Structures are given as structure tokens and as C-alpha cells.
Amino acid sequence: MMKLLSADTLSCISNDKSYQPSSNLSNFVFYVAEYEAMQEKIELLEELRMAESQLAAGAGVSNNDARAQVLARINAPK
């Protein structure tokens with residue numbers, strides 16, 4: 001899915017010293033894809049941080065319990 005970037009985001013990208021302005025649309029699409037990939041990585045890292053804090057607080061589930069829960073869901077009548 002391709003997302004449109006806001007003017008604020010574009011100004012941040014264009015202020016980046018490594019960014020070289022180009023009229024080539026394929027370069028722009030590449031920067032959008034790169035931005036989206038960074039956003040996905042950030043979301044994943046935030047989820048990992050949350051999971052680590054939950055585990056530290058004792059909110060974790062043992063591997064055996066998790067497996068039993070998944071199998072129960074799979075085998076549940078539909």
C-alpha cells in the first residue's frame with residue numbers, strides 16, 4: 001500500500017543532508033517506501049519494548065500454556 005507523505009514529512013526528508021532532490025518519480029517512490037519501512041520497524045520495536053515490560057511485570061505466559069491456548073483455538077468448533 002502506498003501512502004502519501006504530508007508536507008511536514010517531506011520537509012523533514014528534504015532537510016536531510018543525504019537527500020538529493022530529484023524530479024525522477026521512481027526516486028520519490030523509493031523514499032516513500034524507505035520511510036514506510038522505517039515506520040514499520042519503529043512500530044515493531046515499540047511492540048517489543050511493550051512485550052519486554054509486560055514480561056518483566058510477570059504478565060508472561062509459559063510456552064506450554066501458550067501452546068495449549070493456540071491448540072484450543074484451532075480445535076474449537078466453528
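If you read the sequence from its start, that first residue is 1, and numbering goes on from there. Quantities reported herein were computed from a predicted structural model and do not represent experimental measurements.
- Atom CD in Glu47 sits 10.5 Å away from atom CD in Gln54 (nearest 0.5 Å).
- Distance check: Glu43 CD to Glu40 CD gives 7.0 Å after rounding to the nearest 0.5 Å.
- A distance of 13.0 Å separates CZ in Arg67 from CD in Gln69, rounded to the nearest 0.5 Å.
- In this structure, Leu45 CG and Met50 CE are separated by 12.5 Å, a value rounded to the nearest 0.5 Å.
- One N or O on the side chain of Asn75 and one on the backbone of Leu71 form a donor-acceptor pair closer than 3.5 Å.
- Note that CZ of Arg49 and CD of Glu46 are 6.0 Å apart. Values are rounded to the nearest 0.5 Å.
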